[in-house]
Amino acid sequence: MYTTPYINGAAIEAPLSAFADVVNPANRRPFAKVLMARPEHMRKAIDAAHEAKDAWGNSLAAERELVLQNAAAVLESARQEVVDLLIDEAGSTFGKAQFEVSFTVNMLRAVSGEARRINGSVIPADIPGMMSIAIRRPLGVVAGIAPFNFPFLLATKKVCLALAAGNTFVLKPSEETSLVGLKIAEIFQKAGLPAGVLNVVPGDGPTVGPVLFTDPRVRLISFTGSTAVGHLIAVECAKNKKKAVLELGGKSPLVVLKDADLDYAVSTACFGVFIHQGQICMAGSRIIVEAPIYDAFLQRFVAKAKTLKVGDPRDPHTVIGPLIRSSQCDLIDGKINESVAAGARLLLGGTHEGNFYHPTVLADVKPGMPAFRDELFGPVAAVVKADDADHALKLANETAYGLSSAVLTNDLQLAMRFAMQLEAGMVHINGPTVHDEATVPFGGMKDSGNGREGGHWSMDELTETKWITIQMGRRPYPF
Ligand code: NAD
């Protein structure tokens, strides 16, 4: 297994003293070491990706398709190693880690076909005898900066979409999940990807990020992470005339209308807010419930949240594993205390042991409270009472974010009104806010970012449209 940056098809040499500890979030103990890159490593990775871009960019779609399909097969045989890393390095529970690998296998297969579907168009020309066409060409070198929460799935998504489009890639995984990032390099190498096409450079964002922003050979930065860092990257990309695809934070609403089935609503809410201990951009962390069913919902929701097993992430029955770092527990404590001081009622949780934060339910949460406004990235449900459906819609949109959203109702007219008027990139009717597939337009609006990641929407982002004309016969000129 690689533990140093993977550049041009090989690990790099470095003295042991240069390596940093990799810490298991469940017991806060170091269990491995990894070399955190310096700016010169990042430059070398861009050199390698630039060197490889013409051959890969001119490869047949069938070759790119095959590499992605091989990667799916290699991953299936390496499932246990990846699951172990996702548990030990990223604090995933057993179930979440298995899901992440299964999703990624399926995604690699689905995206392999995108290589063959990068279509152009024929445009009716204004000049007699002219054929006018638009084709799509790869951008060249694309860089990806990935977060810690679904470190394998989200980083592999960026890699496979860019490779399918014929780009070469430099990946900077989260500094908290470097080993997972390097595993992606190993899988693609075994899948037969030529050297230099994928380079993985673990490192501290502010240390190595600026190399990606300022090097003109990097044509697009595909970023998934917090809104604060996304804002910085948007500014740097604008300054350096680079494209940016930004998948950022969220504070997604799950709206429960009065005709919803209560038990289904409780299960949907629990899944959406507590999966991966709430460390999901799409977490349904604002649960907006219509007044007539508010008390009954709260009672059943708290009862179910109490049953969720907290603890050993390797136990298949565990739902709530550790948060990624202890400072996150302190941050959540502070936001809960502020919300309670502003009038919210703490019905469950609000405590933690080590990095294990207990499922927490806050009731009577109102706009302006931190639990309503801020992304807490922990297992904290903010339950909000709405007078009626109009009020629920207004509350749902009262946020700077716009990633995912959901509404539970059997009233088709109302459901479609919510679907059209919710200010979010994704709306799920009668399902949770947490949902992703390989070939859908995943992404947000407002402070949740721009651009879409998935299927042909990514092919649009990851290619340059080129206009080509062919003059048949002689074209008449005015002089
Ligand atoms: P983060 O923003 O702290 O870090 C994300 C990545 O950015 C990491 O690789 C980090 O090293 C890098 N980074 C940090 N500062 C940088 C800089 N100055 N220059 C270059 N790179 C820099 O986010 P995180 O804590 O890893 O992940 C949690 C956040 O990600 C949440 O806000 C969550 O909502 C968001 N997220 C969004 C999506 C989505 O699809 N919209 C998916 C997952 C996570």
Side-chain angles (χ1 to χ4, degrees), residues 20 25 34 36-37 39 42 89-91 96 100 103 143-158 161 170-178 180-181 200-215 218 221-237 240 242 244-252 275-285 323-325 327-328 331 374-378 399-405 424-426 433-437 440-454 457-458:
V34 68
M36 299 302 269
M42 190 56 97
E89 190 183 31
K96 181 265 189 185
E100 190 165 351
F103 184 107
I145 302 179
F148 76 83
N149 61 334
F150 275 74
F152 188 70
L153 186 169
L154 293 173
T156 306
K157 193 193 248 192
K158 294 185 183 307
L161 288 163
V170 178
L171 170 67
K172 197 210 82 63
S174 163
E175 44 277 72
E176 275 151 333
T177 53
S178 302
V180 172
V200 180
V201 186
D204 168 58
T207 306
V208 293
V211 182
L212 295 174
F213 309 148
T214 53
D215 193 311
V218 176
I221 296 191
S222 171
F223 173 76
T224 301
S226 63
T227 296
V229 176
H231 178 83
L232 178 149
I233 289 176
V235 170
E236 291 302 322
C237 284
N240 292 286
K242 268 185 219 315
V245 173
L246 305 171
E247 304 287 352
L248 311 179
K251 189 77 194 176
S252 299
I275 180 175
H276 196 35
Q277 9 333 333
Q279 298 174 119
I280 297 199
C281 54
M282 302 166 270
S285 52
L323 293 183
I324 192 72
R325 61 186 96 84
S327 61
Q328 192 60 21
L331 186 143
D374 302 335
E375 185 182 46
L376 304 190
F377 234 52
T399 170
Y401 293 107
L403 189 58
S404 189
S405 61
M426 304 178 280
T433 56
V434 176
H435 188 54
D436 188 11
E437 292 181 23
V440 300
F442 188 99
M445 53 171 75
K446 296 160 73 178
D447 279 2
S448 293
N450 58 37
R452 292 295 179 264
E453 209 169 43
W457 288 275
S458 278

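Counting starts at 1 for both ligands and their atoms, following the listed order. Here the structure is a predicted model, which means the values were calculated and not measured.
Contacts between N149 and ligand 1 below 4.0 angstrom, taking non-hydrogen atoms only, involve the side chain exclusively. At a heavy-atom cutoff of 4.0 Å, ligand 1 is contacted by the side chain of R325 but not by its backbone. With a 4.0 Å cut-off on non-hydrogen atoms, P210 does not touch ligand 1 at all. Counting heavy atoms closer than 4.0 Å to ligand 1, residue V208 contributes nothing at all. Heavy atoms of L212 found under 4.0 angstrom from ligand 1: none, in either backbone or side chain. Counting heavy atoms closer than 4.0 Å to ligand 1, residue F213 contributes side-chain atoms (C-beta onward) but none from N, CA, C or O.
Using modelled atom types, one side-chain atom of K446 and one backbone atom of T399 make a donor-acceptor pair closer than 3.5 Å.
Among protein heavy atoms, the minimum distance from atom 34 (O) of ligand 1 is reached at E375 OE2, 2.5 Å. Residue, atom and distance of the protein heavy atom nearest to atom 41 (N) of ligand 1 are L248 O, 2.7 Å.
Within the listing of ligand 1, atoms 2 (O), 5 (C), 6 (C), 7 (O) sit less than 4.0 angstrom from a heavy atom of F223. Near F377, with a cut-off below 4.0 Å to any heavy atom, the atoms of ligand 1 are 28 (C), 31 (C), 33 (C), 34 (O).
Applying the side chain to side chain contact (heavy atoms under 4.5 Å, CB included) test between T177 and each of F152, F148, F150 identifies F148 as the sole match.
Remark: distances from the non-hydrogen atoms of A146 to ligand 1 include one below 4.0 Å.
Nearest heavy-atom pair across T224 and E453 is OG1-OE1, 4.1 Å.
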